[in-house]
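A note on names: the letters A, B, ... follow the listed sequences, proteins ahead of strands, and every chain is numbered from 1.
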Protein chains: 2
Amino acid sequence: MPNPKTALRILGILLIIEGLFMWLTIPVSLIYGEGDAIHFFLSGSITIAVGFAAYLFTRKAQLEVTKRDGFVIVTTGWLAFSFFGTMPFLFTGSIPDFTNAFFETISGFTTTGASVLNNIEELSHGILFWRSLTQWLGGMGIIVLSLVVLPVLGIGGMQLFIAEVPGPTPDKLHPRIKETAKRLWSIYLIFTGTEILLLWLGPMNIFDAVCHALTTMATGGYSTKQASIAYWDSAYVHYVITLFMFLAGTNFTLSYFGFHLKFQKVWRNEEFRYYVGFIALFTLLIGLGLYHERGSDPESAFRDSLFQVVSIMTTTGYVTSDYLTWMPALTMMIFILMFFGGSAGSTGGGPKIMRIVILIKNSTQELKRLIHPNAIIPVRLNKNALSNEVVTNILAFLAFYAAIAVVSVVVMSLLGNDFETSFGAVAATLGNIGPGIGAVGPSSNFYEIADAGKWFLSFLMLVGRLELFTVIVLFSPVFWKE
Amino acid sequence: MPNPKTALRILGILLIIEGLFMWLTIPVSLIYGEGDAIHFFLSGSITIAVGFAAYLFTRKAQLEVTKRDGFVIVTTGWLAFSFFGTMPFLFTGSIPDFTNAFFETISGFTTTGASVLNNIEELSHGILFWRSLTQWLGGMGIIVLSLVVLPVLGIGGMQLFIAEVPGPTPDKLHPRIKETAKRLWSIYLIFTGTEILLLWLGPMNIFDAVCHALTTMATGGYSTKQASIAYWDSAYVHYVITLFMFLAGTNFTLSYFGFHLKFQKVWRNEEFRYYVGFIALFTLLIGLGLYHERGSDPESAFRDSLFQVVSIMTTTGYVTSDYLTWMPALTMMIFILMFFGGSAGSTGGGPKIMRIVILIKNSTQELKRLIHPNAIIPVRLNKNALSNEVVTNILAFLAFYAAIAVVSVVVMSLLGNDFETSFGAVAATLGNIGPGIGAVGPSSNFYEIADAGKWFLSFLMLVGRLELFTVIVLFSPVFWKE
């Protein structure tokens, strides 16, 4: 049995933090004089008050977090953030309906970027800033979750990274989280700051630069424009954002090494090399296809291809070119890229490059095992032989991913969506990407999906973002026993 | 290095057998007086002559078959049968074009049932009989392959069945194949004979009864009518065929036990129980959907649902109701069923129930492992704990299946097919089902697919039928070394 008081106490602290971030929106509102500062003040105050109450109420709780508490805190934490995070949307009337507001908020905190908004450019600066902030906060959470918490919880091969993370050895969760989080967050901050600066130097104003930097680094993909990045017809903007999407989709531990000029260590990392390799391969294939289709301007074909490949693979979801208007084979490749995901230890969602690599390696090893049935032929990553257990872990994760996708596609089609939309909506939310295919492609959004579908997809975003098991395990009777 | 002479010698024997079966078509042609007996005589004679030549030419070859020879013989065997099997189609002019003839023939021998014919009812009895016979022969091959050869070769968890198969202990491949094959083939023969009788007792004439029995037991799905089983508006025909599709999709070892009245042993088999369970579940879901949609006649809704679920799950591919006209969610369920497949050790294709079950079990065990990380929590099948190795084997198989499907879908869309058709054509051929979705649904066929697509899909049928690894391993450089 997990300890509800411990969980509640930590949730309280987290809510206070969320409330403080809501208050950050007040100056933005005041600067632009849009008169909705009071709503942000109110939202923040309620959130802080609730958080503080929870904190006081659980004064006597022990702060020794067990594994089971960990699962509970992570899932309820993301849910609580999404629940309280709806207030700014509701109070300002930007999204008057709770279902839509919740969808938009959880899509933010899970760094998905699937939107229900058809009037983005009419929204106040405060709301747009809050919307970007949800993703940036979600990204901060994910970095800690994937590099510090999940390895300890032993989720789907994440333990592979324990040794890799710079920081004190993992005895207890608490001091380790603190130290490692600080290091990784400073990189997150530096990247965000640099991107703001670079975008501001280009055709973007400071507000758009800030908002887009926040959502790029989170691989979130919320934009301040209905047309997403296509709004800026500027190669400079496209390449800058591509670069930072790429960095956001890279393991933050590697960036840490990069900052310490240990480039050899970065390049020796196999996941990183596959990450670069996949991007190069798909950019080439799709770029050639686009050039063939358009018949002119190879640079823009290359740029659109690179941008869209990086955007989908890192699960950001920005758009410079509507891939549904491309020829079927190119759209199909983009759809398939939705099942790759960013690097493990990045803010990217999806199954993750590392798992895809191990899947591929295990399959090729299986062929060798067939020919030499008595030899022990392990899967190697970064030259280390992986234990059979970790490989099974990872394969089980991918199987779960596929199974959830399949069941979800049936659910979405039961809710009246067509074949492509069902596939697209599931791939885009479970993979925390944003835009999908069919009726939820890059030129449209999730507004038309029925309410039941929105709740279901919200659940998928949560499940996908928290590496499946973290959420699913809560539904297992064993978890609540003893 | 495999031994080419040994392979050639066995291929020679197999071709002689194929030629003799071609000659079987001569009496059919003579009875119906359609004047194409000469073409069947010629086709058979050429095949026998080539087989005999290969046999003589390799007189000095040793008949000790190594594992590697096994892989080569299986793949080239199916290819050789398909190559020579085109002759009746070509010589009679029923299918004048080699690409189409090869597609139709390999679709037969792999028991797929994907067709390019738009004029089935205009074909001679001899040709229709040969077309059915290719499937029945393919089914005979598959039984031996999946229950005797593949377990020895160690393909994707097939070794699980070694202990189960009644027959002498596996010392050498040869005597074991002979004895076990005899037992299993007698069941195959008995089932075929019984189905002929039962269908003949109903509204079918003897010719249609024979052809359909041949293609049911092979889970092939070729029909003598363009409308498939929907041609017979008879509940009796539908239920009889459903029963035999079910039996053909059951592990033949279990049928062997059934014949010896060891029903307990049948019901204790977990794969069998899941097989029944999945059929019950999907029949119920789809049946309710059809009843809801049609608003009347619950029996026909149930019957259509049961028939279509069993037909797709066993990978037979007969049709009584065009599932593309059903509401999207029901079509989606049928599409998903295409990734289940029959039982291991049946004539059914696809990934197989056994593997799906182990996938599900391993995933639920993974949840338990998360909560109790130090406990050893194995996957159990029929109450035996499976080794980690076998589980990895099976997961690698499924991963391979998915990877091949994904790449193939891209290839099909590169060849100009739309999203649904690409998915449908790949699922239907790789899973050896027959009809897919999109432009290759049950009311249409593969005629319109471009030639390159037909060759590619032919390859998929072969790969799917031979449990992937058997074919893929031939492309591995390691295989040809030393």
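Between chain A and the residues V473(B), N388(B), L414(B), the most heavy-atom pairs under 4.5 angstrom are made by N388(B). Highest contact tally toward chain A, considering only D418(B), V411(B), N417(B), V409(B), is held by V409(B) [criterion: heavy-atom pairs under 4.5 Å]. Ranked by heavy-atom pairs under 4.5 Å with chain A, the first of V410(B), L359(B), L330(B) is V410(B).
Minimum interatomic distance between T325(B) and D322(B) (heavy atoms only, all atoms of both residues): OG1-O, 2.7 Å. In terms of heavy atoms, S444(A) sits closest to G438(A) at OG-O, 4.5 Å.
With a 4.5 Å cut-off on non-hydrogen atoms, S422(B) touches chain A through its side chain but not through its backbone. Contact of A403(B) with chain A is not made at all, since no heavy-atom distance falls under 4.5 Å. Within the 4.5 angstrom heavy-atom criterion, only side-chain atoms of S476(B), from C-beta onward, approach chain A. For a residue to count as touching a neighbouring chain, one of its non-hydrogen atoms must lie under 4.5 Å from one of that chain's; by this rule T392(A) touches chain B with backbone and side chain alike. Neither the backbone nor the side chain of F339(A) has a heavy atom closer than 4.5 Å to any heavy atom of chain B. Of the atoms belonging to I336(B), it is side-chain heavy atoms, and not backbone ones, that fall under 4.5 Å from chain A. For V391(B), the part sitting under 4.5 Å from any heavy atom of chain A is the side chain, from C-beta outward, and nothing else. For a residue to count as touching a neighbouring chain, one of its non-hydrogen atoms must lie under 4.5 Å from one of that chain's; by this rule I437(A) touches chain B with the side chain only.
Using cut-offs of 30° and 60° for the angle between ring planes, the Y323(B) and W326(B) rings count as perpendicular.
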For salt bridge (charged side-chain N to carboxylate O under 4.0 Å, His left out), just list the numbers for E467(B) and K352(B), CA-CA rounded to whole Å, side-chain angles, deciding distance to a tenth of an Å, and then say yes or no.
-> CA-CA 10 Å; E467(B) 306 282 329; K352(B) 311 277 177 309; 2.9 Å; yes
Using the side chain to side chain contact (heavy atoms under 4.5 Å, CB included) rule, take K361(B) and L386(B) through it: C-alpha gap first, then chi angles, then the decisive distance, then the call.
-> CA-CA 11 Å; K361(B) 287 191 169 200; L386(B) 301 182; over 6 Å; no
Please report the C-alpha distance between F479(B) and F475(B) in whole Å, then the side-chain angles of each, then the deciding distance to 0.1 Å, and finally whether the ring pair (Phe, Tyr, Trp, His ring centres under 6.0 Å) criterion is met.
-> CA-CA 8 Å; F479(B) 184 81; F475(B) 293 91; over 10 Å; no
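In this structure, F71(B) has its ring center at least 6.0 angstrom away from the ring center of F469(B).
Side-chain atoms of Q365(A) come within 3.5 Å of backbone N or O of P378(A) as a donor-acceptor pair.
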